[in-house]
Student: 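Quick one: the structure is below, and I'll ask about it shortly.
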Amino acid sequence: MGKIVEFKKRVKSKGTIYIADNTNYLSVKADLYLLCKPYTDSLPKNSALAKELSPSLELYLLKQAKLSKAIFKTDFKEFKEKYLRELQNRIDSINAINDIKHMLNQNNTICLFDNCKLEEYCHLNILGELFQDKGYKVQYIKSKE
């Protein structure tokens, strides 16, 4: 078995993925803004919900429990492995990743965001790494303090 969430080939990216949070996602001009969380009561302006790119509710709740015990950062490797397995095994996640890949190849700019303030421990950084490892251009927007 190869890497989790295989791409057909390494490509030279035409578009860009921005990784942001809900305080700064509009600071970049994107063709598509995707809120990547398992659920929401309200969708921010000019965005679409991409729950397919978020951890499952079970994994999200596990993360929240570990955050409440202040042990999430030490257990991040376990979270990352479980999240990558989910991406590999969920057809909706595979389809969403392929849609993003197609849009990037058409020179579109996409901004993935959520309300997480964990920076390097956010699931969006795992997604960013997946795309970056295959040659796509990924830029991280720092949180506003």
Side-chain angles (χ1 to χ4, degrees), residues 1-40 43-44 46-67 70-145:
M1 181 193 262
K3 272 191 134 188
I4 295 175
V5 188
E6 291 289 342
F7 290 97
K8 296 280 186 208
K9 61 182 179 179
R10 188 175 179 88
V11 297
K12 184 171 182 179
S13 179
K14 296 179 183 177
T16 301
I17 296 178
Y18 288 93
I19 306 294
D21 68 36
N22 64 342
T23 66
N24 62 11
Y25 76 100
L26 288 175
S27 67
V28 297
K29 185 175 183 333
D31 298 300
L32 179 63
Y33 299 94
L34 293 175
L35 175 59
C36 302
K37 60 186 282 186
Y39 64 89
T40 185
L43 199 56
N46 301 324
S47 67
L49 182 62
K51 62 183 178 185
E52 307 85 357
L53 299 176
S54 67
S56 66
L57 186 55
E58 177 185 340
L59 191 54
Y60 175 80
L61 292 174
L62 176 67
K63 172 185 163 184
Q64 295 305 313
K66 290 182 183 246
L67 280 170
I71 60 172
F72 181 69
K73 291 180 182 180
T74 58
D75 289 351
F76 182 71
K77 183 178 177 185
E78 174 191 358
F79 172 83
K80 182 177 180 177
E81 290 169 359
K82 287 181 179 183
Y83 177 59
L84 288 171
R85 275 196 301 277
E86 284 184 357
L87 290 177
Q88 178 186 20
N89 294 316
R90 289 172 43 193
I91 192 70
D92 62 338
S93 298
I94 293 167
N95 289 338
I97 288 169
N98 286 334
D99 288 346
I100 290 172
K101 192 172 71 166
H102 177 74
M103 289 184 70
L104 291 170
N105 291 337
Q106 299 299 315
N107 203 28
N108 289 292
T109 300
I110 299 169
C111 182
L112 306 178
F113 72 100
D114 74 354
N115 59 352
C116 180
K117 300 285 189 259
L118 294 174
E119 305 241 341
E120 71 265 26
Y121 298 103
C122 178
H123 73 283
L124 295 180
N125 290 314
I126 299 168
L127 279 171
E129 288 174 17
L130 284 173
F131 282 96
Q132 210 165 27
D133 287 349
K134 294 299 178 183
Y136 289 93
K137 185 177 178 184
V138 178
Q139 291 190 2
Y140 298 88
I141 308 301
K142 289 288 187 187
S143 297
K144 291 181 181 177
E145 296 299 326

Student: Side-chain contact test, heavy atoms from C-beta onward, threshold under 4.5 Å: evaluate it for Asn24 versus Tyr18 and give yes or no.
Tutor: no
Student: Would you say that Leu127 contacts Ile17 through its side chain, given a criterion of any heavy-atom pair below 4.5 Å between the two side chains?
Tutor: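 No - every pair of side-chain heavy atoms lies 4.5 Å or more apart.
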Student: Taking everything shown except Glu58 itself, do over 12 heavy atoms lie less than 6.0 Å from its CD?
Tutor: no
Student: Within a 6.0 Å radius of atom NZ on Lys51, are there more than 12 heavy atoms belonging to other residues, nucleotides or ligands?
Tutor: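 Open.
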Student: Starting from the C-alpha separation in whole Å, work towards a yes-or-no answer on side-chain contact (heavy atoms from CB on, under 4.5 Å) for Phe72 and Leu62.
Tutor: CA-CA 9 Å; Phe72 181 69; Leu62 176 67; over 6 Å; no
Student: Name the residue from Leu124, Leu35, Leu112 that meets the side-chain contact (heavy atoms from CB on, under 4.5 Å) definition with Leu53.
Tutor: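 Passing option: Leu112.
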Student: Report yes if some heavy atom in the side chain of Leu34 is under 4.5 Å from a heavy atom in the side chain of Ile100; otherwise report no.
Tutor: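 Yes - at least one pair of side-chain heavy atoms lies under 4.5 Å apart.
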Student: Ignoring hydrogens and geometry, is there a side-chain-to-backbone donor-acceptor pair from His123 to Cys36 under 3.5 Å?
Tutor: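 The answer is yes, because a donor-acceptor pair under 3.5 Å joins these two groups.
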Student: Should the pair Glu86-Lys82 be classified as a salt bridge under the 4.0 Å nitrogen-to-oxygen rule?
Tutor: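 Between Lys82 and Glu86 there is no salt bridge, as every charged N stays at least 4.0 Å from the carboxylate O atoms.
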Student: Can we call the ring centroids of Phe113 and Tyr33 under 6.0 Å apart?
Tutor: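 No; Tyr33 has its ring centre 6.0 Å or more from that of Phe113.
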Student: What heavy-atom pair brings Ala20 and Cys111 nearest, and what distance separates the two atoms?
Tutor: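 That closest heavy-atom pairing would be CB-SG, 3.9 Å.
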Student: Looking at every non-hydrogen atom in both residues, tell me the closest pair between Lys80 and Glu129 and how far apart they are.
Tutor: NZ-OE1, 2.8 Å
Student: Report yes if some heavy atom in the side chain of Tyr25 is under 4.5 Å from a heavy atom in the side chain of Asp114; otherwise report no.
Tutor: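 No, too far: nothing below the 4.5 Å cut-off.
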Student: Report yes if the side chains of Tyr121 and Lys63 come closer than 4.5 Å at any heavy-atom pair, otherwise no.
Tutor: no
Student: Are Thr16 and Gln139 packed together at the side-chain level, in the sense that at least one heavy-atom pair is separated by less than 4.5 angstrom?
Tutor: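 Yes, side chains in contact.
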Student: Taking all non-hydrogen atoms of both residues into account, name the closest pair between Val138 and Gly128 and its distance.
Tutor: CG2-O, 3.5 Å
Student: Determine the minimum heavy-atom distance between Pro38 and Pro55, stating which atoms define it.
Tutor: CB-O, 3.9 Å
Student: Would you call the rings of Tyr83 and Phe79 parallel, tilted or perpendicular, taking 30° and 60° as the class edges?
Tutor: parallel
Student: Can you name the nearest heavy-atom pair linking Leu49 to Lys37, along with the distance?
Tutor: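 Distance-wise, the nearest heavy atoms are CD1-O, 3.7 Å.
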